[in-house]
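See below for the structure under consideration.
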Amino acid sequence: MHCVEEIKNGIYWMGCNDFRTEIFERIFPIPEGVTYNSYFIDDEMTCVVDAMDKSCRDEFIEDVEYLLKGRKLDYFILQHMEPDHASSAVALLEKHPEAKIVAQAQTFKLFEQFFRKPMPSRYVEVKEGDQLKLGKHVLTFVKAPMVHWPEVIMSYDITDKVLFSADAFGMFGTVGNVYADQVDFEENYLDSARRYYVNIVGKFGPQVVKVLQKAAGIPIEVICPLHGVVFRTPETIQYIIEKYLHWAKYVPEKKGVVIAFSSIYGNTERAACVLAHKLSMLGIRDVRLYDVAKIHPSYVTAKAWEYSHLVLAAPTYNLNLFLPMENFLHDLKTLMFQNRKIAVIGNHSWASAAYNTMVDYVQNRFKNCELLEPTLDMKSSLRDDQEGIIDEIAKAVADDIKAYPEPKSLL
Ligand SMILES: Cc1cc2nc3c(=O)[nH]c(=O)nc-3n(C[C@H](O)[C@H](O)[C@H](O)COP(=O)(O)O)c2cc1C
């Protein structure tokens, strides 16, 4: 069996759906699975661009052998050493001892660290701008440091204007179709592409912007990422690049508010829900409520990236911020979340800590974020005579959302 498709003039997609892995990188739940893409170039010289996770090793080898049709493999390009793309590489390289390994110098070091199988006589070290001639196809290399590993290179087929973009433009989720133009991308893949970006690459916005600037200078007819669908039409390519510009520049895609809360006994939750309803009554669309103890933070961080405003509401726990909220805020900080206005509601019964910690994240630990006044530190539950404060918070958030500029294209 094989599962391959010709993308363009001897360039083939090989894709494997992984439905078995429950938690990607042992941290991100992937109820819809994930794909590992690899690419094959059939020319005077044969070439494989990246391998797959070891969970797809058999499928990967089977597809490569099908496309080789008994020929020898000349080149294997390792765009970065992350195991979800490299852990089946050794099996391929052992099967094809004649194949040269094309990568940056640092990739070879990491390859040896991970696999403890040095193969120096087979290394072809490349740097940005170097060319690899396969016959009709000529590849050049574009450095993409920290997108999202230090030694990432992307490969660009000058002949057919195909960009092999490594993990950039990838997504969670499995695929039935190969191309973005064959699916309802916005409906079925946008959320998982954003969640993948924010949590895997989100910290490295400036580095992503640099790569997008380089990409703007070259004609691109196809983008081949290592996860998810391939982009081959001008519309889908522009669409995903436009999304990446928003995500990498930390510019919200939509006006609206994410209310992230956690609650032990339900009182902070009640305040969050009352606030949500008041915002709705004030005409705010897209009021998104997330219990960060229940919804994995990777989903909520992605939603925080999408929307213009954020509200945090959480209680004190053992003289600290309740851990699910601390975890969520720690994630946001690590991912370099920035450029938002944020309202805060704390809760405590005898000694407050949650409120100050959340305010500290907004004012001191996040980059370029502003605290929306007024704020509230509840005592156990919201008294009827305190409802006015929730009204004031709702009005402040609603006014700020209404005054926020309409999102526009960044292309
Ligand atoms: C294990 C535990 C530790 C707590 N630690 C504190 C604390 O250090 N300071 C405090 O004021 N309240 C503390 N609380 C109480 C809650 O923060 C407080 O009752 C809050 O009002 C609960 O809000 P909720 O109904 O949204 O869960 C603790 C509660 C529990 C269960």
Side-chain angles (χ1 to χ4, degrees), residues 79-80 82 104 106 127-129 140-156 161-172 180 185-186 189-231 234-255 298 301-308 310 331-341 365-370 404-411:
Q79 298 192 117
H80 72 306
E82 203 182 8
Q104 292 204 93
Q106 193 177 3
K127 300 193 189 67
E128 173 142 315
T140 186
F141 300 98
V142 180
K143 274 175 75 162
M146 296 321 299
V147 182
H148 60 120
W149 271 40
E151 29 63 84
V152 175
I153 42 162
M154 296 179 180
S155 311
Y156 175 69
K161 304 178 178 57
V162 175
L163 180 69
F164 301 95
S165 61
D167 271 332
F169 308 113
M171 63 211 70
F172 292 127
F185 188 83
E186 193 154 290
Y189 288 97
L190 179 60
D191 274 349
S192 58
R194 184 188 302 103
R195 182 170 161 247
Y196 180 88
Y197 172 85
V198 167
N199 290 283
I200 309 278
V201 192
K203 183 179 177 61
F204 306 108
Q207 290 88 337
V208 176
V209 170
K210 269 193 194 144
V211 171
L212 291 172
Q213 283 164 349
K214 284 190 206 175
I218 51 176
I220 297 173
E221 292 185 2
V222 186
I223 296 178
C224 295
L226 291 177
H227 300 284
V229 290
V230 170
F231 302 86
E235 295 75 26
T236 54
I237 290 173
Q238 283 213 345
Y239 180 86
I240 197 65
I241 288 181
E242 210 275 326
K243 287 293 175 197
Y244 258 64
L245 282 169
H246 273 92
W247 300 339
K249 293 182 174 183
Y250 308 91
V251 175
E253 292 153 77
K254 284 184 183 165
K255 284 165 68 132
S298 59
T301 51
K303 283 292 156 192
W305 236 258
E306 183 178 356
Y307 286 98
S308 58
L310 179 63
D331 246 12
L332 277 182
K333 186 199 155 8
T334 307
L335 296 170
M336 303 291 280
F337 179 70
Q338 51 191 276
N339 302 340
R340 296 294 192 283
K341 294 210 185 146
R365 296 194 233 175
F366 292 162
K367 199 172 159 195
N368 198 24
C369 285
E370 205 180 298
Y404 196 84
E406 286 300 331
K408 58 178 190 332
S409 169
L410 298 182
L411 278 174

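One is the number of the first residue; the rest follow in order along the sequence.
- A tilted orientation is assigned to the rings of Trp247 and Tyr244, their planes being inclined by 30° to 60°.
- Among residues two or more places apart in sequence or in another chain, the side chain to side chain contact (heavy atoms under 4.5 Å, CB included) test is passed with Pro405 by none.
- Classified by interplanar angle (parallel below 30°, tilted 30° to 60°, perpendicular above 60°), the ring pair Trp305/Tyr250 is tilted.
- Between Leu226 and His80 there is a side-chain heavy-atom pair separated by less than 4.5 Å.
- Of the possible donor and acceptor atoms, one in the side chain of Gln338 sits under 3.5 Å from a partner among the backbone N and O of Met336.
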Let me see the working for Glu306 and Val198 under side chain to side chain contact (heavy atoms under 4.5 Å, CB included), right down to the final yes or no.
-> CA-CA 10 Å; Glu306 183 178 356; Val198 167; over 6 Å; no
Determine, step by step, whether Leu410 and Glu242 satisfy the side chain to side chain contact (heavy atoms under 4.5 Å, CB included) criterion, reporting the C-alpha distance in whole Å, the side-chain angles of both residues, the deciding distance to 0.1 Å, and the verdict.
-> CA-CA 6 Å; Leu410 298 182; Glu242 210 275 326; 4.1 Å; yes
Test side chain to side chain contact (heavy atoms under 4.5 Å, CB included) on Lys303 and Asp191 and set out the steps.
-> CA-CA 9 Å; Lys303 283 292 156 192; Asp191 274 349; 3.2 Å; yes
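- Not one N or O on the side chain of Glu221 forms a donor-acceptor pair closer than 3.5 Å with the backbone of Lys161.
- Contact detail for Phe141 and Ser155: the closest heavy-atom pair is CE2-OG, 3.5 Å.
- In terms of heavy atoms, Asn368 sits closest to Asn339 at ND2-OD1, 2.6 Å.
- The shortest non-hydrogen separation linking Val222 to Cys224 is CG1-SG, 3.9 Å.
- Note: Phe366 CZ to Lys333 NZ = 8.5 Å, rounded to the nearest 0.5 Å.
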With side chain to side chain contact (heavy atoms under 4.5 Å, CB included) as the test, would you mind laying out the steps for Val229 and Phe185 before giving the verdict?
-> CA-CA 9 Å; Val229 290; Phe185 188 83; 3.8 Å; yes
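- Of the possible polar contacts, none joining the Glu253 side chain to the His246 backbone as a donor-acceptor pair under 3.5 Å is found.
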Compile the donor-acceptor pairs under 3.5 Å between side chains in residues 203-214 and protein atoms, sequence neighbours left out, one pair per line.
unit_1 : atom_1 : unit_2 : atom_2 : d
Lys203 : NZ     : Thr334 : O      : 3.2
Lys214 : NZ     : Glu128 : OE1    : 2.9
Lys214 : NZ     : Glu128 : OE2    : 3.4
Lys214 : NZ     : Lys143 : O      : 2.8

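- Minimum interatomic distance between Phe169 and Ile240 (heavy atoms only, all atoms of both residues): CD2-CG1, 3.7 Å.
- Taken to the nearest 0.5 Å, the CZ atom of Phe231 stands 6.5 Å off from the OG1 atom of Thr236.
- Under the 30°/60° scheme for interplanar angles, the aromatic rings of Phe172 and Tyr196 are found to stand perpendicular.
- In terms of heavy atoms, Arg340 sits closest to Ser308 at CD-O, 3.2 Å.
- Note that CH2 of Trp149 and CD of Gln106 are 9.5 Å apart. Values are rounded to the nearest 0.5 Å.
- Here the closest heavy-atom approach between residue Ala302 and residue Arg195 is recorded as CB-CA, 3.7 Å.
- Annotation: the span from His148 atom NE2 to Asp167 atom CG amounts to 4.0 Å, rounded to 0.5 Å.
- Here the NZ-CD1 distance, from Lys127 to Ile153, works out to 11.5 Å after rounding to the nearest 0.5 Å.
- Under a 3.5 Å cut-off, the side chain of Arg194 and the backbone N or O of Ser192 do not form any donor-acceptor pair.
- To the nearest 0.5 Å, atoms OG1 (Thr301) and CG (Asp331) are separated by 6.0 Å.
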